[in-house]
> 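One structure, pasted below without further comment.
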Amino acid sequence: MHPHGPGAVGKATAPYGSWESPISASAVSSAGRTAEGLAVAGDGRLVWVETRPEDGGRAVLMKEAAEPGGKALDVTPQGFAVRSLAQEYGGGAFAVQGDAVVFSNYTDQRLYKQTIGDNSSPLPLTPDFAGSVVRYADGVFDPHFHRFVTIMEDHRHNSSNPITTVAAVRMSGQDVEEPTILVSGNDFYAFPRIDPTKKRMAWIEWSNPNMSWDKSQLWVGYFNEKGEVQKRICIADGDPTIIESPTEPKWSSKELVILFHIQHDEQSNVVRPLYSLDAEFSKPMWIFGVSSYDFLGKYDTSHEIVCCYRQNGKSCVGVLDHDSESILKIDIPFSSVTSIVSGDDGSFYIEGASATLPVSIAKVTLDEKKTMATDFSIVWSSSEDVAKYKSYISLPEFLEFPTVIHGQHAYAYFYAPHNNVFQGSSDEKPPLLVRTHGGPTDEARGVLDLSVQYWTSRGWAFVDVNYGGSSGYGREFRERLLGQWGVVDVNDCCSCASFLVETGRVDGQRLCVTGESAGGFTTLACLAFRQTFKAGSSLYGIADLASLRAGMHKFEAYYIDNLVGNKQAYFERSPINFVENFSCPVILFQGLEDTVVSPDQATKIYKAIKDKGLPVALVEYEGEQHGFRKAENIKFTLEQEMVVPPLGKMATRLASIFSPARSPTSAPAHLLHHALPRFRHRRAHPAPPRMSSSSAASPAPPAAAAAGGEKPTPAPYGSWRSPITADVVSGAERRLGGIALAGDGRLLWIEGRPEEKGRMVIVKEEDKPVDVIPQEFAARTLAQEYGGGAFAVDKNVVVFSNYKDQRLYKQEIGTGGPAVPLTPDYGAPDVSYADGVFDPHFSRYVTVVEDRRKDSLNPTTTIATINLSGVDVHEPKVLISGNDFYAFPRIDQNKKRMAWIEWSHPNMPWDKSELWVGHFSESGDLTKRVCIAGGNPLLVESPSEPKWSPKGELFFVTDRESGFWNIYKWVEQTNEIVPVYALDAEFTRPLWVFGISSYDFLGNTNHIIFSYRQQGRSYLGVLDCDSGSVSLLDIPFSDLSNVVAGDNYFYIEGASASIPLSIAKVTLNESKTEVANFSIVWSSSPDVVQYKPFFSTPELVEFPTSKPGQKAYAYYYPPSNPKFQGLPDEKPPLLVKTHGGPTAETRAVLDLSVQYWTSRGWAYVDVNYGGSTGYGREYRERLLDKWGIVDVDDCCSCANFLVESGKVDGQRLCITGRSAGGYTTLASLAFRDTFKAGASLYGIGDLTLMRVETHKFESHYIDNLVGNDERAYYERSPINFVNQFTCPVILFQGLEDKVVPPDQAQKIYNALKEKGLPVALVEYEGEQHGFRKAENIKFTLEQQMMFFARLVGNFEVADDITPIKIENFD
């Protein structure tokens, strides 16, 4: 039935879906114009932005014609486009004052000034930063200071985490200068609005993890004489007990701040409502420049506001008198309204639509009393000729349908099939297309949309669902989706479809679903987790939530966390992980320049569905971003969606209903794969889009050629395609930060999550692991810069160091209660705590304290006590002080004694340290202190890891006499040190971080579980201290680190060549001599097994150094990929990795960042040069006074050894390293000619500068490594020998690095650039020493690969990587 169409008399009967319609895809694409932003010029005429699909999606500023019905004028000259990319979604791209316009130009994102009506070229106001790296939006004129105040988003230092500020831009245009920052420090800003007196400015700001509609703040600041913002006041959301999201501040002529109809009384600083209604007076701020209300008349004194609000699926327009606080509705033809701006004469302009009117802009004139509209005239329409389709248009029916939750409802707009010529047969019901909107915090509005009518006029039913989570129905409805994305939306879409089937409106066997962006995710999730639909279409949709989270841009970086919730949900709700559940055809559409949803998402799900054998197609568009703007792509997408679904008899009749001459897409659906064009190489439009399909007849690309037992495809080394992508690597870069046992015997650990910007979270072992600390906290200490020992547990109480403020907090496990601060708030993270233990006898916490308040470069380190009550927070009480460094405060079981380690400059703790024991007095002070080890000046040793046995005996590890760290015991009665187990092996590792635990006692027994390292491998054993017997244990790990023990079981961190970093629980037999059970509790990469065929197995290499008779060691990884093999006359390129420290060790464990290279055809070698640990003190001390010589020689010797043994190509040797390894990299390039290119990650270029600037912990370390000869500092600093560099270099640097300051990278970059060598520098905001954010890990890996490939490799990289600019090359 259709209420407004002609009767069935005279209509032709034809199958639903086969009807011919004049609403073609061309008609839809040409009607796809959009308007963005409204403003009124000085002459009272409207100015707006129009986006034109027929012009490649170009956005043009237009001005209303002088006479009604006249043609609007283009303001923007050809060659410019008005569009901002701020926050990716843009908006607020222009502002007008008088006849002056300031706008953001799309290509370069610079601001330009233009005079309306003047044909001269727009004048740039902001600098040319050589690309769209600085973006502007939501600006306003500030005539008092002759400037333009705007939101500025600066991507120069970090494209994934740009800096957002409110800034001022000079309006002269003569001397273009860097914008002046007015407001900064928060994550996001919007709505800078200056009051009529030019004295104050209001703005909105918010911070991650919130979106602006979750929680934001309204601020007002006062301008001083220089135009700076001072005296800032938080007007709304400053009260932590109230959750609100203020938006759209505006100033009235009475100088009141209006905030979506809330008034601020400045004298009393009270915020009061102007008008209360259960309706939405604004919408989520997905784009800048939203305007849901305005003051009527420029000089109006009655303070009447024209506003719109949304209630029960419909928009209403009214005039609010905020003196009387009354509102009068204005009757206009629009049922949906988005933007409003007021004219000067009491009229206003409004953007809106209805079920019969497409998106339009209308001018509304009110009567003198402003109670009714006297004139309503359309100024602009997105589809001017839509009236000719009137008899084909289906009107929406507002639906309220039941959800899966009893008594709960959701909403939708249902469009029945309608065509003036055709009708369906009486024995058939129509197919249904369910559309899931994007956002997902968005709303379907039931307005005239030709893309809907395209379907209904062909005999389809169509339903637009407002699932739980949609806006327009209040916060409660919107927040149904929090933590439930992929559940609530999926349930509601399926429920809606089922409701329409049950009510007899549609055919239950022909249900299809489609969606864009977040709606594309809902589409794929419906297909993966429900059996409701028979086919689906995803437009730039999300298949892998974890991958999306890792690669997400800043604006939505935490949005997905709010929607998905915990880590397990990321996996369980990602369609890519459940491809086996798909049972129907899918078509995917993707823009290849999409920075919101990476094109990898579509490629990944396409390949997975293809491999399963289901019908699937992928269309990729060059030049399209998030949302298709080009007419040809809009048209092509719509046509391909229509023909793909194989829906029974409809599909077989398409050819007979439509003439094949009309379009190549009119082929039957089951033949579509063979009818579609295929393009293997990307090309710019107007060439057709790139297509992929699961039954394509064209040859498969090399990556797909070898399947099952097929022979690998010969291809150049380095060009191989691999599933181990940079996204996979960055997602597998989870790190551990310590382990401990809770009171119930279960494990607690800290894991670092790249997908949460490197946040360190305490997790507890349960049936499903649970986070212990709240979302807003991160367990990480900055003590000694490298941290470690950030938490301790006693029974069910955890004390941890919070990263943001570095304070200690107490948290009860499992109670859901808040974290209670234990240490003072110093206003900045100037005091850090680490390596703490509980002291229950005195109800306190004993910890190492590093105090930087007086001197940030030379902080004071002590051992101090913290009151555990949390009621009265006091300054920590110092127990021990006076030395440079402390670690391992450990209290015995009787609570009478404490052991600790201390050392002083110029030593590092592995060079020389001391073990002490002190006795507690009745007041808890330490008395009678005794030096146990390290005090003998004739004996060089470095004791570490003191622990008290259940019997009260003190054990520790030291390297006295043998030069290897072995386990010893202190015999208190005789004050003797006796070895417990002697072996030429290392039973601990260098103390780079606090809290290491290489051995532990099994329960209350005298059995020790321990690990040691010998000849490049770890071993695990149990020592019976009473009998002295040792039992070695066989477990799958070949590399071991921290261990904590229970009674007959223990947890251990480990890895192997085929197992990534993991935690295992190991249960012993009754005699504690064999393993009874081994199970993985945690893995840094739980899904790594899928890449196993691609893994390269490391080979231990012993190679000759430059010193005769001397050997060094490395792990060599040959290229490995089951689908490819190298060309017969070619050897692979080699990447040499130099580890950091330099007192560290590389280990033969599964590292996806290594496999990333080898699976693409690179050889890779990880060098343990002289100076590395794991081989005893003598090997470790090869580097003393020789840094920059021994390490460089060994790395070059290793590379040459591999060349000489015929394993690698000597003309394609590259080198990379981090920190100290970055120095070795640069030194190798400066002082040797072995390598053809290098990558330095936060490496050192100037040793003298490093010594001056580095932090306290390593401030004398460099002296030991270089020596005290000033000449050596000069002669081994690569910066002083730039003239000797002969090959390209790429540098990566964190801008908050306090270990290797950023000026090191900048200095070497500038010098190499000036020399004329190819060089690039990538700097990351918010990163310190070591990159923790997934997006930065990914970017670093990809850019190294691309850099080496372009400059050395002689091959094309298979991955779709956009290279950064290389100075002196590009």
> For Q601, is there any backbone N or O sitting under 3.5 Å from a side-chain donor or acceptor partner on S598?
no
> Closest approach of T1073 and S1031, non-hydrogen atoms and distance?
CG2-OG, 3.5 Å
> Can you measure from OG (S1219) to NE2 (H1139) and round to the nearest 0.5 angstrom?
11.5 Å
> If we only count heavy atoms from C-beta on, is the L748 to L741 side-chain gap below 4.5 Å?
no
> Go through the steps to decide whether L736 and L1061 satisfy the test side chain to side chain contact (heavy atoms under 4.5 Å, CB included), and finish with yes or no.
CA-CA 9 Å; L736 288 169; L1061 176 64; 4.1 Å; yes
> How about I1035 and V1075: do any of their side-chain heavy atoms sit closer than 4.5 Å?
yes
> For E756, give me all partners under salt bridge (Lys or Arg N to Asp or Glu O under 4.0 Å), at least two apart in sequence or on another chain.
R753, R759
> Between D744 and K764, is there a salt bridge with N-O shorter than 4.0 Å?
yes
> List the steps, then state whether side-chain hydrogen bond (donor to acceptor under 3.5 Å, both in side chains) holds for Q1155 with T1158.
CA-CA 5 Å; Q1155 306 297 332; T1158 57; 3.2 Å; yes
> Under the side chain to side chain contact (heavy atoms under 4.5 Å, CB included) rule, what do N1077 and V1066 come out as? Steps first, then yes or no, please.
CA-CA 6 Å; N1077 186 58; V1066 182; over 6 Å; no
> When rounded to the nearest 0.5 angstrom, what is the spacing between CD in Q1343 and OG1 in T1340?
8.5 Å
> Ignoring hydrogens and angles, tell me if any N or O in the side chain of D1359 forms a donor-acceptor pair with the backbone of I1361 under 3.5 Å.
no
> Can you find a pair of side-chain heavy atoms, one from V1022 and one from L1002, that are under 4.5 Å apart?
yes
> If you apply the rule side chain to side chain contact (heavy atoms under 4.5 Å, CB included), what do you find for Y570 with I560, and how did you get there?
CA-CA 9 Å; Y570 273 88; I560 191 170; 3.4 Å; yes
> Would you check if the side chain of S719 reaches a backbone N or O of A715 as a donor-acceptor pair within less than 3.5 Å?
no
> Would you check if Q568 and K768 make a side-chain contact, meaning some heavy-atom pair closer than 4.5 Å?
yes
> Under 6.0 Å between ring centres: does that hold for Y1324 and F1331?
yes
> Measure the CG-SG distance between N491 and C526 for me, rounded to the nearest 0.5 Å.
8.5 Å
> How about V1136 and T1216: do any of their side-chain heavy atoms sit closer than 4.5 Å?
no
> Of W1082, Y1051, W749, which is the lone residue that meets side-chain hydrogen bond (donor to acceptor under 3.5 Å, both in side chains) with E765?
Y1051
> For residues S1153 and W1157, report the shortest heavy-atom separation together with the two atoms involved.
O-CD1, 3.0 Å
> Search all heavy atoms of V597 against all heavy atoms of Q590 and return the closest pair with its distance.
O-NE2, 3.2 Å
> Please walk me through it: do F521 and W485 pass ring-ring contact (aromatic ring centres under 6.0 Å, His included)?
CA-CA 9 Å; F521 164 70; W485 192 29; 4.5 Å; yes
> Look at the side chain of S997 and the backbone N and O of V1043, then say whether any donor-acceptor pair between them is shorter than 3.5 Å.
yes
> Look only at the side chain of S574 and the backbone of L545, and say whether a donor-acceptor pair between them is shorter than 3.5 Å.
yes
> Return yes if a side-chain donor-acceptor contact under 3.5 Å exists between S583 and Q531, otherwise no.
yes
> By salt bridge (Lys or Arg N to Asp or Glu O under 4.0 Å), which residues pair with E1327, not counting sequence neighbours?
none
> Quick one: does NZ or CZ of K1065 land under 6.0 Å from the six-membered ring centre of F1078, within 45 degrees of the ring axis?
no
> Validate the cation-pi geometry between R1160 and Y1156: distance from NZ or CZ to the six-membered ring centre under 6.0 Å, angle to the ring axis within 45°.
yes
> Using the benzene-type ring in the case of Trp, are the ring centres of F987 and F1010 under 6.0 Å apart?
yes
> Between N1048 (side chain) and T1067 (backbone), is there a donor-acceptor pair under 3.5 Å?
no
> Once you round to the nearest 0.5 Å, how far does CZ of R1013 lie from OG of S998?
12.0 Å
> Rounded at 0.5 Å granularity, tell me how far CG in L1152 sits from CZ in F1095.
5.5 Å
> Check this for me: does any side-chain nitrogen of one of R989 and E1145 sit under 4.0 Å from a carboxylate oxygen of the other?
no
> V761 versus I750: any side-chain heavy-atom pair under 4.5 Å?
no
> Treating D1000 as the side-chain partner and V1044 as the backbone partner, does any N or O pair qualify as donor plus acceptor under 3.5 Å?
no
> Taking the basic N atoms (NZ, or NE/NH1/NH2) and the acidic carboxylate oxygens, is any pair closer than 4.0 Å for R746 and E766?
yes
> Find out whether the Lys NZ or Arg CZ of R573 is both under 6.0 angstrom from the six-membered ring centre of F571 and within 45° of the ring's axis.
no
> Evaluate the side-chain proximity of M1345 to V1357: yes if any heavy-atom separation is below 4.5 Å, no if none is.
yes
> Please report the closest heavy-atom contact between Y558 and K757, naming both atoms and the distance.
OH-CG, 3.0 Å
> For S1159, which of S1120, S722, S1096 qualifies under side-chain hydrogen bond (donor to acceptor under 3.5 Å, both in side chains)?
S722
> Going by heavy atoms in the side chains, are D561 and P209 under 4.5 Å from each other?
no
> For residues 575-590, which residue pairs pass the salt bridge (charged side-chain N to carboxylate O under 4.0 Å, His left out) check, not counting sequence neighbours?
none
> Could you check I605 against V579 for side chain to side chain contact (heavy atoms under 4.5 Å, CB included), going step by step and ending with a plain yes or no?
CA-CA 8 Å; I605 194 75; V579 170; 4.1 Å; yes
> Are any of the side-chain nitrogens in D727 or K604 under 4.0 Å away from the carboxylate oxygens of its partner?
no
> So which atom in Y1012 and which in A985 form the shortest heavy-atom distance, rounded to 0.1 Å?
CD1-CB, 3.4 Å
> For a quick test of reading the model, state the closest non-hydrogen atom pair linking E572 to F529 and the distance between them.
O-CZ, 3.4 Å
> Drop me the distance from I739's CD1 to E1053's CD, to the nearest 0.5 angstrom.
4.5 Å
> Taking side chain to side chain contact (heavy atoms under 4.5 Å, CB included) as the criterion, tell me which of N1168, V1165, V1167 meets it with T1146.
N1168
